[in-house]
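All remarks here apply to the structure that follows.
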Amino acid sequence: MTDISNKIPLSFFEDKDVLALARSLLGKSIFTVIDGKLTGGIITETEAYAGIIDKASHAYGGRRTKRTETMYKPGGYSYVYFTYGMHHLFNIVTSRKDDPQAILIRGIVPTEGLDIQLERRNYIKNKFHIANGPAKVCQALGITLEQNNIPLSGDVIWLQNGELNTEKNIITCPRVGVDYAGEDALLPYRFILSHPDYKSAKNPLI
DNA sequence: TACACGATTTACT
DNA sequence: GTAAATCGTGTAT
């Protein structure tokens, strides 16, 4: 069950090295309490978005709009946005205030509130498909725009340290769906944790 | 105001 | 494998 003493503090996300941070999130647990329901899982896939010099980032070139304003918050805030007219994507803002770096959570292995996650996912039959994609993660955990721009240290969304040794089980590869970013689309900013209960939807190696 | 498109998922040919 | 779903956002007019 949840151990509140194990909650990861906001200061953890103020690290300026978003790549190291994205890698270190693998194996950690994420929990949400939304609509009064506790759900959670082990983070198994992340992508780093490296601030104003990253052509794949919404904040490229220092773009600052109503949507991206959240990315300029201090590390530890949530950045949730809506895309394709139907999907929500959840990010963790990192680094310091006004340095808009973020980590997209692309996949989890559900561990808490599995029945609730299945209900939200329309009782999908293949257990590997419950949360193996960034929009599926949001759907399974109940995350919508209502959870945008909140600190990840409260009782709505938070992270906890895991017990897995992930060091030798991480695959690094290019990010997904960022062809518009030109040469930056090839950067190895995506991290996947090998886990017996996880199959990445967008990687043939796993 | 108008338009093109997206850090995706799902169903279907 | 391909295409539809579906609308907020960013940028141009």
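Comparing atom distances between the A:Tyr49 side chain and each of B:dA7, B:dT10, B:dT9 picks out B:dA7 as nearest. Closest to the A:Leu104 side chain, of the nucleotides B:dA7, B:dT8, B:dT9, is B:dA7. Here B:dT9 is the nucleotide among B:dT10, B:dG6, B:dT9 with the atom lying nearest to any side-chain atom of A:His87.
If you measure from atom NE2 of A:His88 to atom P of C:dG8, you get 11 Å, rounded to the nearest angstrom. Spacing between atom OH of A:Tyr84 and atom P of B:dT10 amounts to 14 Å, rounded to whole angstrom units. Going from atom NZ of A:Lys199 over to atom C1' of B:dT9 covers 20 Å, rounded to whole Å. The distance between atom CD1 of A:Ile105 and atom P of B:dA7, rounded to the nearest whole Å, is 17 Å. Counting to the nearest Å, the P atom of B:dA7 and the CG atom of A:Leu145 are 14 Å from each other. Between the CG atom of A:Leu187 and the P atom of B:dA7 there is a distance of 16 Å, given to the nearest Å. Protein atom CG of A:Asn148 is 13 Å distant from nucleotide atom C1' of C:dG8, rounded to whole Å. Going from atom CG of A:Leu89 over to atom C1' of C:dT9 covers 14 Å, rounded to whole Å.
Ion pairing between A:Arg23 and A:Asp17 fails under the 4.0 Å rule for side-chain N and carboxylate O. In summary, A:Arg96 and A:Asp15 do not engage in a salt bridge, as defined by a charged side-chain N under 4.0 Å from a carboxylate O.
Under the ring pair (Phe, Tyr, Trp, His ring centres under 6.0 Å) criterion, A:Tyr72 pairs with no residue at all, not counting sequence neighbours.
Of the residues in residues 57-73 of chain A, those lying under 4.0 Å from DNA chain B by heavy-atom distance are A:His58, A:Met71.
Residue contacts for A:Phe82: at a heavy-atom cut-off of 4.0 Å it reaches the sugar-phosphate backbone alone, with no base atom in range. Among the protein residues, A:Arg121 comes within range of the sugar-phosphate backbone only, with heavy atoms under 4.0 Å from sugar or phosphate atoms but none that close to a base. As judged by a 4.0 angstrom heavy-atom cut-off over every strand, A:Ala135 is placed among residues touching the sugar-phosphate backbone only.
Listed here is the closest heavy atom pair of A:Ile8 and A:Lys28: CD1-CD, 3.4 Å.
A donor-acceptor pair under 3.5 Å is formed between the side chain of A:Arg175 and the backbone N or O of A:Ala48. At least one donor-acceptor pair under 3.5 Å links the side chain of A:Gln117 to the backbone N or O of A:Glu112. No donor-acceptor pair under 3.5 Å is formed between the side chain of A:Arg106 and the backbone N or O of A:Gly133.
In the model, A:Gln139 has no side-chain atom that pairs as donor or acceptor with a side-chain atom of A:Arg120 under 3.5 Å. For the residue pair A:Glu45 and A:Ser200, a side-chain donor N or O sits within less than 3.5 Å of a side-chain acceptor on the partner.
In DNA chain C, consecutive stretches of 3 or more Watson-Crick or G-U wobble pairs with both distances under 3.5 Å are given as paired ranges: B:1-6 with C:7-12, B:8-12 with C:1-5.
Distance noted for atom P between B:dA2 and C:dT6: 23 Å (whole Å). Spacing of P atoms, B:dA7 relative to C:dG1, comes out at 23 Å, to the nearest Å.
Here A:Tyr180 reaches the OP1 or OP2 of B:dA7: one of its side-chain N or O atoms lies under 4.0 Å away.
The aromatic rings of A:His58 and A:Tyr79 sit perpendicular to each other, their planes meeting at more than 60°, with 30° as the lower class boundary.
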